[in-house]
Structures are given as structure tokens and as C-alpha cells.
Amino acid sequence: MSADYATNPAVNTLRDYLRIRSVHPDVNYDECLTFLRSQAAAIGLPVQVFEVVPKKPVLVMTWEGLQPELCSVLLNSHMDVVPVFEKSWKHPPFAGEIVDGVIYGRGVQDMKSIAVQYLEAVRRLKNKGMRFKRTVHLSFVPDEEVGGAKGMAEFVKTDHYKNLRVGFALDEGIACSTEEYQVFNGERTIWHLNVICPGKSGHGSLLLPDTCGEKIRYIIDKFMDLRQVSKSRLENDPMLTIGDVTSINLTMISGGIQDNIVPEKMRATFDIRLATSEDLEAFENKIKQWCREAGAGVTYNFNQKDPYVPPTAVDTTNPYWIAFKSSADKLGIKLAVRTFPGGTDSRYIRATGTPALGFTPTHLTPSSLHEHDENLPVEQFLRGIEIYEEILPAVANV
Ligand code: ZN
């Protein structure tokens with residue numbers, strides 16, 4: 001079985017891409033650019049490279065449509081991958097090894113396979129002599145895995161991006177372990193919040209009033225109580241997924257200088273992902289109220305406070321959705337529409353008012369993104385190309 005794959009050009013392209021160590025920290029994207037330029041040349045697509053932030057290139061390939069005045073379709077992927085604990089891998093993370101029909105490598109799910117599926121689908125459609133109404137752009141962006149601040153977040157602000165005139169975008173989703181394919185039309189809003197509790201400092205043998213420990217306990221209780229509400233909702237309703245509820249985690253606690261001194265300040269940091277149904281203003285007012293109730297001088301600030309981004313419509317008001325859905329129906333694949341549990345570059349595209357769907361054409365496969373021995377069955381990878389061969393003409397002919 002594996003021997004057959006050795007001569008499969010799509011599989012070999014993926015293995016070549018996996019061998020490029022575009023791994024954090026301090027990613028050097030030069031090799032990715034060289035690889036992608038040669039791909040574009042082989043397919044016959046013009047390439048532009050935009051270095052909006054130095055050393056953080058965005059590469060765009062363009063397949064011009066028959067009516068280039070129409071808005072375009074963007075196929076987005078990120079070039080970077082998360083770090084590895086190499087010793088914990090049974091298969092080398094940057095070798096593109098195939099064992100028993102499964103390909104291993106950092107980024108094979110997240111998301112180099114999808115980049116290669118886009119390329120292969122375009123190559124095949126183009127070789128068949130097909131043309132579509134809309135221009136199709138393929139963007140390869142840096143630094144998604146560190147939040148995209150120097151990647152897509154900056155790129156969407158530029159004239160280079162505006163000149164692409166994107167009307168609809170596809171980006172990464174998550175593999176699904178069941179029969180369904182997941183499609184993500186929105187993301188929760190990310191808030192990273194510090195609550196600072198000042199108090200009376202003094203000797204650790206006394207029972208002083210107004211200590212920061214009492215205040216931080218009140219704050220942690222409030223957040224953990226709310227966390228429990230979300231947890232119970234999730235446990236009691238099988239229809240809900242993690243993307244549907246607000247998640248709260250206490251991620252850092254700091255303060256104190258010595259074990260017998262009551263400190264004058266303590267700080268708790270929370271990672272909060274707000275459900276799309278959450279009223280953000282009301283939520284922040286609740287935090288303000290807890291700070292007041294916790295005691296004198298308690299304040300909060302944000303390390304990250306993302307704005308609310310409306311989800312992409314998945315109904316008849318969105319013709320791209322209709323096209324996407326009807327090609328899925330034609331393929332006989334079942335879609336599950338979900339809210340993405342984490343953050344992807346889609347949110348920057350949606351924030352410009354452009355509809356975007358997160359989609360990974362993989363099912364019956366557990367998600368292994370960011371894990372040791374990240375892997376993808378080769379058959380799933382190859383099937384994914386065929387799925388894009390159906391979806392791409394549909395959305396590019398809207
Ligand atoms: Zn990713």
C-alpha cells in the first residue's frame with residue numbers, strides 16, 4: 001500500500017512541504033517561499049509576495065477568473081507550525097514518513113495538508129481546462145500559530161489585500177473523528193484578562209483586615225463558578241460543543257515575596273473565550289461588579305481584548321454558503337456547522353465583513369493538531385483533494 005504512495009505526486013508534494021522546518025519560534029519562511037514559487041510555476045499561476053512586516057512574507061498565487069471584475073475567492077493557509085517535543089515523537093516530525101498508510105509530520109493536519117489540497121485541486125481543475133467566473137487567490141501567510149498579529153491581522157489592513165477584492169474565503173477547520181465533516185462559521189471572542197488585587201501588607205502571623213488573598217479568593221470563586229455553569233451546560237446538552245459555550249480558565253497567579261509576609265498585591269490571569277451568543281458589554285459589567293464586591297482597589301486590565309466578530313451566515317442570505325453546501329450534498333458528505341473553539345486567521349477576514357468558513361476536508365480521523373505524532377491517513381488527504389475539486393468550482397462560479 002505505502003509503495004503506491006511513493007509515486008503519487010500530491011503525496012510527494014505534501015511530504016516535501018512537511019520537510020520544511022517552518023517551526024516556531026523564529027520561523028524562517030525562505031524555504032516555504034522557494035517551495036511555493038516552484039509549485040506556482042508548475043501549475044502556471046503568477047505569484048506575488050508582500051512583506052508587510054519584515055521577515056513575515058505573505059505569498060499570493062492568482063488564478064484569474066473569466067469575470068475578474070467580480071469579487072474573488074480566497075483559499076487561505078498558514079505556512080508556520082507549532083514547536084515539537086522531538087523526543088516524544090515515534091516518527092520524526094520533519095520527515096514526512098508514511099507508515100501503514102498514515103503520514104506523520106508536524107503540520108500534516110495543521111495545516112500543510114490543506115495548502116497542498118488547494119494546490120492539487122487547482123492543478124487538476126486547470127489541467128482539465130476549466131475556468132471559473134471568479135478569480136481564485138491562494139494565500140500563504142506567516143505566524144498564524146502565534147496569533148497572526150504580524151501575519152493576517154496586518155495583511156488584511158493593506159491595499160495589497162484590498163486589491164485582491166476577496167468576496168469569500170476558505171481557511172482551516174479541524175478534522176472530525178466521526179462520519180461528519182466540520183465546517184466553522186465563527187469563532188469565540190478571546191479575552192485575556194488580569195485582575196489585580198491590592199491589600200494591606202504585613203506579618204504573616206496576624207489576621208490583618210483587607211488582605212489581597214481574601215480579595216483574590218473572591219475573584220477566583222466568581223470566575224470558577226461561572227466556569228462551572230458552562231461546564232454543566234456542556235455536559236448536560238449533547239448538542240453543544242466547546243465552541244458553543246463561554247470557557248474560562250485561570251492561567252496564572254502571581255504575587256508575594258516571602259512566605260511570612262502578606263503581600264501588598266496579587267494578580268490572577270484568566271483566559272476567557274466568549275461564546276458568540278454572549279453580550280460582551282454585560283459580561284464586562286459583571287467583571288466590574290465583581291471587582292467592586294471583592295474589596296477596595298481591585299482593578300482589571302486586558303492582555304488581549306478581541307472585538308466581537310459576527311459569524312458568517314449559513315443560510316440563504318449567503319450565496320457562497322449555498323454553493324458550498326450544495327457541493328457537499330453532491331459529494332454525499334454530511335456537514336456539521338460549528339463555532340471554532342480556538343482562534344484562526346478567519347477572524348481577521350470576517351472582521352473586514354467578508355464571509356469565511358473554516359473547513360478541513362477530513363473525517364473519521366481524530367484531531368491531532370499540536371500533538372506529538374501529528375498524522376493524517378493518506379486516503380483522507382487524497383479524498384480531501386477531490387472534495388476541493390467539487391467545492392472550488394461551485395464557490396468560484398457564484
Ligand atoms: Zn492552523
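These figures come from a predicted structure and were not determined experimentally.
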#### Entry: salt bridge (Lys or Arg N to Asp or Glu O under 4.0 Å) involving R233 - partner list, sequence neighbours excluded
none

#### Entry: E386, CD: over 12 other non-hydrogen atoms inside 6.0 angstrom
yes

### Message
Is it true that D171 and N76 share a donor-acceptor pair across their side chains at a distance under 3.5 Å?
### Response
yes

### N-O pairing of D143 and K56 below 4.0 Å
yes

#### Entry: Carboxylate-amine/guanidinium proximity below 4.0 Å for K334 and E179
no

### Task
Determine whether more than 12 heavy atoms belonging to other residues, nucleotides or ligands lie under 6.0 Å from atom NZ of K55.
no

### Query
Among all residues two or more places apart in sequence or in another chain, which pass the salt bridge (Lys or Arg N to Asp or Glu O under 4.0 Å) test with K150?
none

### Query
So, T135 and R165: side-chain donor and acceptor under 3.5 Å apart, yes or no?
no

### Task
Please confirm whether Y104 and W89 have ring centers closer than 6.0 angstrom.
no

### Query
Any chance the side chains of T317 and D315 put a donor and an acceptor closer than 3.5 Å?
yes

### Task
Please step through ring pair (Phe, Tyr, Trp, His ring centres under 6.0 Å) for the pair F359 and F184, ending with a clear verdict.
CA-CA 6 Å; F359 180 64; F184 299 91; 9.4 Å; no

### Query
Is the count of non-hydrogen atoms from other residues, nucleotides or ligands lying under 6.0 Å from R124 atom CZ greater than 12?
yes

### Query
Side chains of D80 and S22: donor-acceptor distance under 3.5 Å anywhere?
no

### Query
Counting only heavy atoms not in L207, do more than 12 sit closer than 6.0 Å to its CG atom?
no

### Query
Among W290, F283, Y300, whose ring-ring contact (aromatic ring centres under 6.0 Å, His included) with F223 holds?
W290

